[in-house]
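Note sheet for the following structure.
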Amino acid sequence: MAGESRKKRRPNDTRHNPRGTSRSGKSRTIKGARDQRREQRKAKVVPLSQSRSGRPQTPKKRTNWTPSHVSRRDSGSTSGRTSRGRKTFRAVGQGRLRLVVGAVALVCLSLGARAVQLSVADDARYGTFSTEAFASERVDAAERVTGRGAIVSADGQRLAASLDAGKVVATPYQIEDPEAVAKSLAETLGDEAGSADEIEEKLTGAGKGASRGYSVVAEGVEPETAREVTELGLTGISVAPDEVRAYPNGPLASQLIGYLGTDQAYGGVEARYDEVLKGGQDVELTLDTAVQRELEVALNETAETYEGKSALGLVMRVEDGAIVALAHTPGYDNNQFAEAPEEVKRDRILTDPYEPGSTFKAFTMAAALEEGAVSEQDTFMVADSMPVADVVIKDSEVHAPEILNPAGILQHSRNVGTIQVAQSLGGERLVENIKRFGFGEETGVDLWGENAGIVPPFEEWSGSSIGNIPIGQGLTVTPLQLASGYAALVNGGLRVTPHVASNADTGEPGRRVMSEKTSSIVKGMLQTVVDEGTGHFAQIPGYTVAGKTGTAQKVDPETGRYGDEYVTSFIGFAPAQDPEYLTLIVVDEPQKAIWGEVVAAPAFQNVMGFTLGYYNVPPDRESTKNDAPTPDPVLAPDAKKEDSIR
């Protein structure tokens with residue numbers, strides 16, 4: 001039973017809170033005396049060590065160092081040596097040892113730099129980088145800034161990192177033949193810098209943002225190309241150090257990570273933690289790349305199989321709201337951000353509210369139980385339709401009148417029975433309970449752009465509102481709100497604050513929204529949904545699983561009335577009575593079928609089954625541990641959603 005004092009077990013689990021704190025990026029400065037810089041300029045290739053942020057670093061200069069083989073006694077009063085001779089001897093000895101130490105250090109630092117580059121990204125464009133292209137640049141330590149920190153997953157994978165690159169800069173008044181120089185640069189830089197005519201405008205100070213004294217020709221130039229520009233030896237053209245933001249895992253979790261543009265950060269962690277990252281600190285996430293990949297594969301396969309317009313999902317830790325995975329399909333690659341359609345860049349899990357449908361029925365049932373309006377033993381005569389004001393509410397299938405208790409109503413996802421329970425509670429108290437779970441307000445997630453959804457105040461209800469709001473229509477929630485609400489529903493009744501950064505301030509403990517007793521009852525009801533009801537495709541061998549299906553009609557934007565498109569979903573958690581994780585799967589406008597148990601529950605089974613095993617959550621249902629997983633539903637080749645609609 002979860003509560004304020006309950007501490008969750010973490011058997012054999014090293015991934016729940018990896019490292020515990022975010023890691024700070026190292027400052028990127030170049031130190032050294034004038035003679036060190038002179039030696040660097042003489043060298044043909046002088047690779048420097050790389051800090052975590054990818055900037056070159058030189059070793060700190062040692063002071064007050066005396067060679068170990070020259071004792072203070074020897075250097076002080078040797079017969080026959082003048083004071084000047086002693087000074088020369090000491091200087092020569094120190095110089096030779098410094099040369100030896102410096103040579104060894106340069107070799108070690110070169111190897112270290114290469115290792116860091118390869119660990120950051122396996123993008124071949126940046127794998128050949130060294131500081132050779134910038135060796136001739138004079139940069140004072142005061143001009144160096146701390147590099148942008150990396151975004152790191154819970155399992156230590158770099159999801160975003162800054163790599164050294166070059167910036168091609170022109171001093172227009174020094175360029176005697178802009179046309180010839182522009183042609184040379186265009187041939188070397190390629191399309192990314194523009195045409196020769198466009199480059200010539202920058203060289204003459206006529207381009208946008210250019211001046212006679214300074215003009216940026218190209219930024220984020222690949223290291224090899226930057227070297228080629230330097231080798232051209234063009235008067236008035238120089239290459240300065242620059243950074244390029246790379247996303248080593250390509251499209252993985254792109255909407256969550258966000259993107260760093262040349263002007264600002266766009267969305268996700270890049271935008272929310274922009275100041276932290278700009279200060280050189282890494283941001284460590286609660287997201288695990290293994291679970292993330294499993295979720296993305298499941299969403300892609302589901303959307304493809306059922307011809308869905310899109311799909312999204314998340315995996316959340318129940319006790320504290322930590323987001324372990326968050327994904328959308330279609331997705332995009334932040335390395336090709338400019339080419340991606342705008343609609344796929346949005347993190348729809350927190351920006352796009354929708355009508356949740358039957359997944360919301362659990363909150364109606366919890367409110368009625370918490371308020372004492374109904375009990376577990378109460379029964380209702382449930383027909384397959386009922387009039388509510390000026391509308392007729394129907395169940396999803398034709399059936400004879402049946403006597404059901406609250407658990408049975410949830411198990412079979414009866415619209416009519418849920419409305420009868422809501423009528424026992426009353427609309428005003430229902431709205432109060434809905435808002436206590438956080439619907440109609442932001443969850444407080446540490447990401448920008450969250451939508452609060454809409455919960456109509458009781459004063460604005462129409463006569464038919466009691467017939468649609470209890471079953472998840474007539475109000476809107478975001479997928480993140482739904483997951484956060486379910487976490488409170490099943491963790492003993494405490495609100496959680498969803499978060500993606502491992503050190504996010506979530507405020508503990510969460511506010512109590514329902515009793516532990518009611519939470520336990522609802523968990524048992526939702527377990528029957530999977531064991532015996534509409535969620536049987538979500539069963540996982542060896543574990544008790546609980547959850548709820550959802551199939552919600554979408555409002556046609558042209559008519560303002562419910563149309564013939566649906567949002568299909570399943571949300572569940574495991575183990576049922578002592579939940580560790582919950583998973584939400586949502587598919588928008590599937591065309592081959594519409595029911596949550598057919599479309600979304602199998603994807604939930606795959607993702608949750610993987611998550612439980614990955615985090616070493618002990619099986620709690622030994623009797624089924626060796627059973628084969630429930631087979632996925634088989635669709636007829638010509639199946640279409642209309643076959644499912646009553």
Side-chain angles (χ1 to χ4, degrees), residues 312 349 352-369 382 386 388 391 393-397 406 409-423 425 427 429-440 451-458 461-462 464-490 522 525-526 529 533-535 547-555 561-563 565-572 582 584-590 594-597 599-601 645-646:
L312 56 84
I349 283 179
D352 289 19
Y354 71 113
E355 296 189 2
S358 294
T359 55
F360 199 76
K361 292 174 181 175
F363 297 101
T364 299
M365 203 64 68
L369 290 166
V382 181
M386 69 179 295
V388 179
V391 300
I393 306 297
K394 298 179 180 180
D395 279 340
S396 60
E397 60 183 0
I409 291 171
L410 274 184
Q411 179 182 329
H412 300 290
S413 197
R414 297 302 190 212
N415 294 334
V416 172
T418 304
I419 293 168
Q420 290 173 323
V421 170
Q423 288 174 330
L425 173 63
R429 286 197 292 173
L430 176 60
V431 169
E432 291 173 358
N433 277 269
I434 289 173
K435 286 186 169 293
R436 273 208 294 270
F437 278 99
F439 298 109
N451 192 302
I454 298 174
V455 177
F458 180 68
W461 279 30
S462 67
S464 60
S465 294
I466 194 67
N468 59 15
I469 288 178
I471 61 175
Q473 306 267 197
L475 81 170
T476 62
V477 307
T478 64
L480 187 63
Q481 284 178 319
L482 187 67
S484 177
Y486 259 83
L489 192 69
V490 305
V522 173
M525 291 180 174
L526 292 172
V529 172
T534 58
K548 187 70 189 74
T549 55
T551 303
Q553 277 182 284
K554 294 180 67 174
V555 173
R561 308 175 70 86
Y562 287 113
E565 295 293 352
Y566 292 80
V567 176
T568 300
S569 60
F570 185 89
I571 186 168
L582 67 80
L584 170 65
I585 304 291
V586 180
V587 183
D588 188 24
E589 298 186 10
I594 63 170
W595 303 123
E597 63 264 34
V599 178
I645 301 174
R646 177 180 172 183

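On a predicted model such as this, the values are computed, not experimentally measured, just so you know. This chain uses plain numbering: 1 for the first residue, then up along the sequence. Scope of the values below: all heavy atoms of this structure, side chains included, with no hydrogens, waters or symmetry mates.
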[X] (side chain) donor-acceptor with [Y] (main chain) under 3.5 angstrom:
X	Y	value
Gln553	Gly563	yes
Trp595	Thr551	no
Asp395	Val416	yes
Tyr486	Gly547	no

Would you give the length of the straight line joining atom [atom1] of [X] to atom [atom2] of [Y], rounded to the nearest 0.5 angstrom?
X	Y	atom1	atom2	value
Met365	Leu526	CE	CG	9.5 Å
Leu482	Leu584	CG	CG	6.0 Å
Ile469	Thr364	CD1	OG1	9.5 Å
Asn433	Leu369	CG	CG	10.5 Å
Asn468	Leu475	CG	CG	8.5 Å
Thr476	Asn451	OG1	CG	6.5 Å

So which atom in [X] and which in [Y] form the shortest heavy-atom distance, rounded to 0.1 Å?
X	Y	value
Ser464	Val391	CB-CG2, 3.8 Å
Tyr354	Thr478	CE2-C, 4.1 Å
Ser569	Val586	CB-CG2, 4.0 Å
Ala367	Leu425	CB-CD2, 3.7 Å
Ile594	Tyr566	CG2-CD1, 3.9 Å
Leu410	Lys548	O-CE, 3.8 Å

So do the side chains of [X] and [Y] get within less than 4.5 Å of each other, counting heavy atoms only?
X	Y	answer
Leu430	Pro470	yes
Phe360	Ile571	no
Asn415	Gln473	no
Phe437	Val477	no
Ile409	Lys361	no
Ile419	Gln423	yes
Val567	Glu355	no

Verify whether one side chain among Thr549 and Thr534 offers a donor that lies under 3.5 Å from an acceptor in the other.
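Short answer, yes.
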